[in-house]
Amino acid sequence: MNAREQQGRRPRADVQRNRAALLETAQRHFLRHGVGTSLEAVAKEAGVGPATLYRHFPTREALLAAVLQTRSEEFMVRRAGIEQLDDAAEALERWLRAMEEYLSAFSGLPDPLMAAARAQDPDNPLTIPCDILITATDQYVRAAQRAGRVRASVQGYDLFLAACSVAWIKGTGTEGKSLDRLRALIASGYREQDTKA
(Lines give C-alpha, C1' and ligand atoms only; values in the text may rest on other atoms or scores of the structure.)
Protein backbone atom coordinates (compact mmCIF):
# COMPACT_ATOMS: atom_id res chain seq x y z
CA MET A 1 0.00 0.00 0.00
CA ASN A 2 1.52 3.36 -1.00
CA ALA A 3 1.61 6.52 1.13
CA ARG A 4 -1.24 8.12 -0.80
CA GLU A 5 -3.54 5.13 -0.12
CA GLN A 6 -2.60 5.22 3.58
CA GLN A 7 -3.34 8.94 3.72
CA GLY A 8 -6.65 8.27 1.98
CA ARG A 9 -7.64 5.77 4.67
CA ARG A 10 -6.41 7.69 7.71
CA PRO A 11 -9.12 10.38 7.66
CA ARG A 12 -11.84 7.73 7.59
CA ALA A 13 -10.44 6.14 10.74
CA ASP A 14 -10.14 9.56 12.38
CA VAL A 15 -13.68 10.42 11.36
CA GLN A 16 -15.02 7.21 12.89
CA ARG A 17 -12.99 7.69 16.06
CA ASN A 18 -14.11 11.31 16.44
CA ARG A 19 -17.75 10.39 15.86
CA ALA A 20 -17.61 7.59 18.43
CA ALA A 21 -15.92 9.88 20.97
CA LEU A 22 -18.51 12.58 20.40
CA LEU A 23 -21.42 10.16 20.83
CA GLU A 24 -19.99 8.63 24.01
CA THR A 25 -19.22 12.04 25.49
CA ALA A 26 -22.56 13.53 24.47
CA GLN A 27 -24.41 10.66 26.13
CA ARG A 28 -22.54 11.31 29.40
CA HIS A 29 -23.31 15.03 29.19
CA PHE A 30 -26.98 14.43 28.38
CA LEU A 31 -27.23 12.08 31.36
CA ARG A 32 -25.55 14.57 33.72
CA HIS A 33 -26.83 17.89 32.45
CA GLY A 34 -29.83 17.16 30.21
CA VAL A 35 -30.34 17.81 26.52
CA GLY A 36 -29.51 21.49 26.91
CA THR A 37 -25.90 20.73 27.85
CA SER A 38 -23.11 22.80 26.31
CA LEU A 39 -22.11 21.35 22.95
CA GLU A 40 -18.77 23.14 23.23
CA ALA A 41 -18.15 21.26 26.48
CA VAL A 42 -19.02 18.00 24.71
CA ALA A 43 -16.52 18.75 21.93
CA LYS A 44 -13.79 19.75 24.40
CA GLU A 45 -14.18 16.60 26.51
CA ALA A 46 -14.24 14.45 23.35
CA GLY A 47 -10.92 15.99 22.34
CA VAL A 48 -12.15 17.73 19.20
CA GLY A 49 -12.96 21.28 18.22
CA PRO A 50 -16.48 22.65 17.85
CA ALA A 51 -16.06 22.64 14.05
CA THR A 52 -15.49 18.87 14.11
CA LEU A 53 -18.59 18.37 16.25
CA TYR A 54 -20.71 20.42 13.84
CA ARG A 55 -19.31 18.60 10.81
CA HIS A 56 -20.57 15.33 12.31
CA PHE A 57 -23.72 16.75 13.91
CA PRO A 58 -24.81 20.06 12.36
CA THR A 59 -27.47 20.65 15.03
CA ARG A 60 -28.19 19.69 18.62
CA GLU A 61 -31.12 17.63 17.29
CA ALA A 62 -28.77 15.66 15.01
CA LEU A 63 -26.49 14.83 17.95
CA LEU A 64 -29.44 13.91 20.14
CA ALA A 65 -30.95 11.68 17.45
CA ALA A 66 -27.63 9.85 17.03
CA VAL A 67 -27.28 9.32 20.78
CA LEU A 68 -30.85 8.02 20.99
CA GLN A 69 -30.07 5.59 18.17
CA THR A 70 -27.20 4.14 20.23
CA ARG A 71 -29.62 3.64 23.15
CA SER A 72 -32.42 2.07 21.14
CA GLU A 73 -31.25 -1.54 21.27
CA GLU A 74 -32.47 -2.17 24.83
CA PHE A 75 -35.73 -0.41 24.01
CA MET A 76 -36.28 -2.68 20.99
CA VAL A 77 -35.62 -5.76 23.14
CA ARG A 78 -38.38 -4.57 25.50
CA ARG A 79 -40.69 -4.04 22.55
CA ALA A 80 -40.05 -7.58 21.30
CA GLY A 81 -41.11 -8.89 24.73
CA ILE A 82 -44.24 -6.73 24.75
CA GLU A 83 -45.25 -8.03 21.35
CA GLN A 84 -45.40 -11.56 22.78
CA LEU A 85 -48.27 -10.62 25.10
CA ASP A 86 -51.74 -11.97 24.28
CA ASP A 87 -53.62 -9.21 26.12
CA ALA A 88 -53.72 -6.14 23.82
CA ALA A 89 -54.60 -3.75 26.65
CA GLU A 90 -51.70 -4.98 28.77
CA ALA A 91 -49.38 -4.72 25.76
CA LEU A 92 -50.41 -1.10 25.25
CA GLU A 93 -49.93 -0.30 28.93
CA ARG A 94 -46.46 -1.88 28.98
CA TRP A 95 -45.53 -0.12 25.74
CA LEU A 96 -46.54 3.24 27.21
CA ARG A 97 -44.42 2.57 30.30
CA ALA A 98 -41.43 1.48 28.18
CA MET A 99 -41.80 4.57 26.01
CA GLU A 100 -42.10 6.77 29.07
CA GLU A 101 -38.82 5.38 30.42
CA TYR A 102 -37.11 5.81 27.05
CA LEU A 103 -38.35 9.41 26.79
CA SER A 104 -37.11 10.24 30.28
CA ALA A 105 -33.55 8.99 29.63
CA PHE A 106 -32.29 12.59 29.63
CA SER A 107 -33.67 15.63 31.40
CA GLY A 108 -35.49 17.81 28.90
CA LEU A 109 -35.74 15.12 26.22
CA PRO A 110 -39.54 15.27 25.81
CA ASP A 111 -39.44 18.93 24.72
CA PRO A 112 -37.48 18.52 21.44
CA LEU A 113 -39.29 15.26 20.68
CA MET A 114 -42.74 16.80 21.08
CA ALA A 115 -41.61 19.78 18.98
CA ALA A 116 -40.39 17.44 16.24
CA ALA A 117 -43.61 15.41 16.33
CA ARG A 118 -45.72 18.55 16.13
CA ALA A 119 -43.77 20.23 13.31
CA GLN A 120 -43.21 17.11 11.17
CA ASP A 121 -40.17 18.84 9.67
CA PRO A 122 -38.39 16.32 7.38
CA ASP A 123 -35.11 18.17 7.97
CA ASN A 124 -35.29 17.64 11.75
CA PRO A 125 -33.36 14.43 12.61
CA LEU A 126 -35.73 13.82 15.54
CA THR A 127 -38.78 13.55 13.25
CA ILE A 128 -37.96 9.97 12.21
CA PRO A 129 -37.57 8.57 15.75
CA CYS A 130 -40.81 10.33 16.72
CA ASP A 131 -42.61 8.87 13.71
CA ILE A 132 -41.37 5.39 14.66
CA LEU A 133 -42.65 5.78 18.24
CA ILE A 134 -46.00 7.21 17.12
CA THR A 135 -46.53 4.48 14.51
CA ALA A 136 -45.71 1.74 17.03
CA THR A 137 -48.03 3.32 19.60
CA ASP A 138 -50.79 3.48 17.02
CA GLN A 139 -50.34 -0.23 16.30
CA TYR A 140 -50.79 -1.06 20.00
CA VAL A 141 -53.79 1.27 20.19
CA ARG A 142 -55.45 -0.32 17.14
CA ALA A 143 -54.93 -3.83 18.55
CA ALA A 144 -56.50 -2.78 21.86
CA GLN A 145 -59.38 -1.12 20.00
CA ARG A 146 -60.05 -4.31 18.05
CA ALA A 147 -60.19 -6.10 21.40
CA GLY A 148 -62.76 -3.55 22.63
CA ARG A 149 -60.43 -2.23 25.32
CA VAL A 150 -59.63 1.29 24.04
CA ARG A 151 -62.01 4.01 22.87
CA ALA A 152 -62.31 4.32 19.11
CA SER A 153 -61.42 8.03 19.12
CA VAL A 154 -57.96 7.47 20.65
CA GLN A 155 -54.93 7.69 18.37
CA GLY A 156 -51.32 6.70 18.82
CA TYR A 157 -50.23 10.34 18.63
CA ASP A 158 -52.42 11.12 21.66
CA LEU A 159 -50.75 8.50 23.80
CA PHE A 160 -47.27 9.41 22.51
CA LEU A 161 -47.92 12.92 23.83
CA ALA A 162 -49.23 11.45 27.10
CA ALA A 163 -46.04 9.40 27.53
CA CYS A 164 -43.95 12.50 26.73
CA SER A 165 -45.88 14.42 29.38
CA VAL A 166 -45.28 11.80 32.04
CA ALA A 167 -41.60 11.61 31.05
CA TRP A 168 -41.33 15.40 31.31
CA ILE A 169 -42.89 15.33 34.78
CA LYS A 170 -40.49 12.57 35.82
CA GLY A 171 -37.68 14.88 34.71
CA THR A 172 -38.79 17.41 37.33
CA GLY A 173 -38.02 14.87 40.05
CA THR A 174 -41.62 13.80 40.64
CA GLU A 175 -41.82 10.10 41.52
CA GLY A 176 -43.97 7.54 43.28
CA LYS A 177 -47.68 7.86 43.94
CA SER A 178 -48.14 11.13 42.05
CA LEU A 179 -46.91 9.50 38.85
CA ASP A 180 -49.04 6.42 39.48
CA ARG A 181 -52.12 8.63 39.88
CA LEU A 182 -51.26 10.50 36.68
CA ARG A 183 -50.87 7.24 34.77
CA ALA A 184 -54.23 6.06 36.14
CA LEU A 185 -55.88 9.32 35.00
CA ILE A 186 -54.44 8.90 31.51
CA ALA A 187 -55.55 5.28 31.36
CA SER A 188 -59.07 6.18 32.48
CA GLY A 189 -59.20 8.55 29.53
CA TYR A 190 -58.32 6.02 26.85
CA ARG A 191 -59.82 2.78 28.18
CA GLU A 192 -63.14 1.80 26.66
CA GLN A 193 -64.64 0.31 29.80
CA ASP A 194 -64.12 3.54 31.73
CA THR A 195 -66.27 5.50 29.29
CA LYS A 196 -69.34 3.25 29.52
CA ALA A 197 -72.17 4.50 31.68
Worksheet entry | Interatomic distance, Leu109 atom CG to Leu126 atom CG [nearest 0.5 angstrom] | 8.0 Å
Worksheet item: Quick one: are Val150 and Tyr140 in side-chain contact, heavy atoms under 4.5 Å?
Response: no
Worksheet item: When rounded to the nearest 0.5 angstrom, what distance separates CG in Leu179 from NZ in Lys170?
Response: 7.0 Å
Worksheet item: If you look at every heavy atom in Gly36 and Arg60, which pair is closest and at what distance?
Response: C-NH1, 3.4 Å
Practice prompt. May I ask you to say whether Arg94 pairs ionically with Glu90, meaning some side-chain N is under 4.0 Å from a carboxylate O?
Written response: yes
Worksheet item: What distance separates Asp111 CG from Cys164 SG, expressed to the nearest 0.5 Å?
Response: 9.0 Å
Worksheet item: Ser104 side chain to Gly171 main-chain N or O, any donor-acceptor pair under 3.5 Å?
Response: no
Worksheet item: Mind checking whether Trp95 and Phe75 have parallel, tilted or perpendicular rings, split at 30° and 60°?
Response: tilted
Worksheet item: Tell me, do Tyr190 and Arg149 make a side-chain contact under 4.5 Å, heavy atoms counted?
Response: no
Discussion item. Looking at every heavy atom in both Gln145 and Arg151, which two are closest together, and how far apart are they?
Written reply: NE2-O, 2.8 Å
Discussion item. Working to the nearest 0.5 angstrom, can you tell me the gap between Trp168 CH2 and Leu161 CG?
Written reply: 14.5 Å
Item to complete: Verify side chain to side chain contact (heavy atoms under 4.5 Å, CB included) between Phe57 and Leu39, making sure each step is shown before the conclusion.
Response: CA-CA 10 Å; Phe57 308 105; Leu39 297 188; over 6 Å; no
Response to the item:
Asp138 and Gly156 have their tightest heavy-atom pair at OD1-N, 2.7 Å
Discussion item. Can you confirm whether more than 12 heavy atoms, excluding those of Gln120, are under 6.0 Å from its CD atom?
Written reply: yes
Worksheet item: Quick one: does Asn18's side chain have a donor or acceptor within less than 3.5 Å of a partner on Val15's backbone?
Response: no
Item to complete: Run the salt-bridge test on Arg191 and Glu93 with the 4.0 Å N-O cut-off and return the result as yes or no.
Response: yes
Discussion item. Taking the basic N atoms (NZ, or NE/NH1/NH2) and the acidic carboxylate oxygens, is any pair closer than 4.0 Å for Asp180 and Arg183?
Written reply: yes
Item to complete: Could you check Val141, Val154, Asp87, Ile82 and say which one makes a side-chain contact (heavy atoms from CB on, under 4.5 Å) with Leu92?
Response: Val141
Item to complete: Flag the pair Leu113 / Leu64 as yes when at least one side-chain heavy-atom distance between them is below 4.5 Å, and no otherwise.
Response: no
Response to the item:
Taken to the nearest 0.5 Å, the spacing of Ile132 CD1 from Thr127 OG1 works out to 11.0 Å
Worksheet item: Considering the options Glu40, Arg28, Glu24, which one meets the side-chain contact (heavy atoms from CB on, under 4.5 Å) requirement together with Glu45?
Response: Arg28
Discussion item. Quick check on Ile128: does its CD1 atom have over 12 non-hydrogen neighbours (other residues, nucleotides or ligands) under 6.0 Å away?
Written reply: no
Discussion item. I'd like to know if Glu74 and Arg78 make a salt bridge, using a cut-off of under 4.0 Å between side-chain N and carboxylate O.
Written reply: no
Worksheet item: Same hydrophobic cluster for Leu159 and Leu185, using side-chain heavy-atom links shorter than 4.5 Å among ILVMFWY?
Response: no
Practice prompt. Return the minimal non-hydrogen interatomic distance between Arg71 and Tyr102, and the atom names on each side.
Written response: O-CE1, 4.3 Å
Discussion item. Quick check: closest heavy atoms across Leu96 and Ala163, and the distance to 0.1 Å?
Written reply: O-CB, 4.3 Å
Worksheet item: Would you say Leu23 and Leu31 are hydrophobically clustered, going by side-chain heavy atoms of ILVMFWY under 4.5 Å?
Response: yes
Worksheet item: Is it true that atom CG of Asp86 has more than 12 heavy atoms of other residues, nucleotides or ligands lying nearer than 6.0 Å?
Response: no
Item to complete: Could you pull out the closest heavy-atom pair between Ile186 and Ala162, with the gap in Å?
Response: CG2-CB, 3.9 Å
Fill in: CG-SG distance between Asn124 and Cys130, expressed to the nearest 0.5 angstrom
7.5 Å
Fill in: Working for side chain to side chain contact (heavy atoms under 4.5 Å, CB included), residues Val67 and Phe106
CA-CA 11 Å; Val67 170; Phe106 310 125; 3.8 Å; yes
